[in-house]
Amino acid sequence: MVDVDLLARRLDDAARDRRTIAKLTDDTSLDVPTAYAVQRAGIERRRVRGERPAGVKMGFTSRAKMAQMGVDDVIWGLLTDAMLAESSVDVSRLVHPRIEPEIAYLIGREVRSVTDVETAVTGVAVGFEVLDSRYRDFSFTLPDVIADNASAARFGFGAWHPPRDVSNVGLLLEIDGRVAQTGSSAAILGDPARSLRAAARLALAAGLTLEPGWIVLAGSATVAVPLPKDAHVRVTAAGLGSVEVTT
Ligand code: OOG
């Protein structure tokens, strides 16, 4: 029997102590459903500390990311209010942070079915996600990264715009005025709206509903790049403006 709470504690302690650990699968045989149980137990620990759920993040929704991490299935994780970075990210609290450009959706009302999700969206924005794997060298298998809440660490987004077609918008990630990555939202499952529907489907299957005020991060269109200290980052999406963050 896998001790789900023990594994969740290993990951949670590593994040709080800012250190990496060996992959859980090095000494435990972990399947995908059990890995999600570990993820949920980790979120529960955060909830007990007073963090509140703030949305859902999708992962490995683009080929670039799948190839970067050697993993080939869409995954998801939960965002909490403590992960929201308004204008700065304190990288000294993270181990080996990386940043990636994203499309963010704002959920306006409870989503009770997958077909319901697009009409429940009240805003779309350019966003970013800061990843920080709790595993040594950012190296993991699919169950490991699921258990680790899909490497979620921090996230942010720009101004909300009325819902619109974002199936092919140009994305630009700049660090200190230099282009770090460029891509198209079309890299996200062909259309980030597919990722949004997948988020609703996965949440419902796990007995969760997307709630009003929740954010859905559709996943990166590009590889993630190291997020250095004392950096100024700008992510721009054509027609959606920019979001900036300093470290
Ligand atoms: C896992 C998270 C992947 C994305 O956008 O594909 C992800 C990782 O790469 O550490 O969030």
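Of the residues listed (Leu173, Val233, Leu172), the one engaging Pro101 in a side-chain contact (heavy atoms from CB on, under 4.5 Å) is Leu173, and it is the only one. With Tyr135 as the fixed residue, the side-chain contact (heavy atoms from CB on, under 4.5 Å) test singles out one of Ile21, Thr25, Thr20: Ile21. Of the listed residues (Leu171, Val126, Asp191, Leu196), just one forms a side-chain contact (heavy atoms from CB on, under 4.5 Å) with Ile103, and that residue is Leu171.
By the rule that hydrophobic residues join a cluster once side-chain heavy atoms approach within less than 4.5 Å of another member, Leu79 and Val117 end up as members of separate clusters. Both Val32 and Val4 sit in one connected hydrophobic cluster of ILVMFWY residues. Membership requires side-chain heavy atoms under 4.5 Å apart, directly or through other members. Linking ILVMFWY residues whenever their side-chain heavy atoms come closer than 4.5 Å, directly or via other members, places Val56 and Val74 in the same cluster. The cluster map of Ile, Leu, Val, Met, Phe, Trp and Tyr, joined by side-chain heavy atoms under 4.5 Å apart, puts Met66 and Ile146 in the same cluster. Connection of Leu240 to Val243 is established within a shared hydrophobic cluster, with ILVMFWY side chains joined at heavy-atom distances below 4.5 Å, either directly or through further cluster members.
Atom CZ of Arg63 has 12 or fewer neighbouring heavy atoms from other residues, nucleotides or ligands inside a 6.0 Å radius. The environment of Arg164 atom CZ is dense: over 12 non-hydrogen atoms of other residues, nucleotides or ligands sit within 6.0 angstrom.
In terms of heavy-atom proximity, Ala153 sits nearest to Leu131 at CB-C, 4.1 Å.
Using a 4.0 Å cut-off between a side-chain N of Lys or Arg and a carboxylate O of Asp or Glu, Asp81 and Arg52 do not qualify as a salt bridge. Using a 4.0 Å cut-off between charged nitrogen and carboxylate oxygen, Asp144 and Lys23 do not count as a salt-bridge pair. Residues Arg136 and Asp26 are not paired through a salt bridge, judged by the lack of any N-O separation under 4.0 Å between the basic side chain and the carboxylate.
Side-chain contact annotation: Thr119 with Arg109, donor-acceptor N/O pair under 3.5 Å present.
A donor-acceptor pair under 3.5 Å is formed between the side chain of Asn149 and the backbone N or O of Leu78. For the pair Thr247 (side chain) and Ala231 (backbone), a donor-acceptor distance under 3.5 Å is present. At distances below 3.5 Å, not a single donor-acceptor pair connects side-chain atoms of Arg98 with backbone N or O atoms of Ala224. In this structure, Thr61 contributes its side chain and Ser195 its backbone to no donor-acceptor pair below 3.5 Å. Put simply, the side chain of Glu118 never gets that close to the backbone of Pro163: no donor and acceptor are under 3.5 Å apart.
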Go through Lys65 and Glu100 one step at a time and tell me if the salt bridge (Lys or Arg N to Asp or Glu O under 4.0 Å) criterion holds. CA-CA 10 Å; Lys65 282 292 308 186; Glu100 52 188 26; 3.1 Å; yes
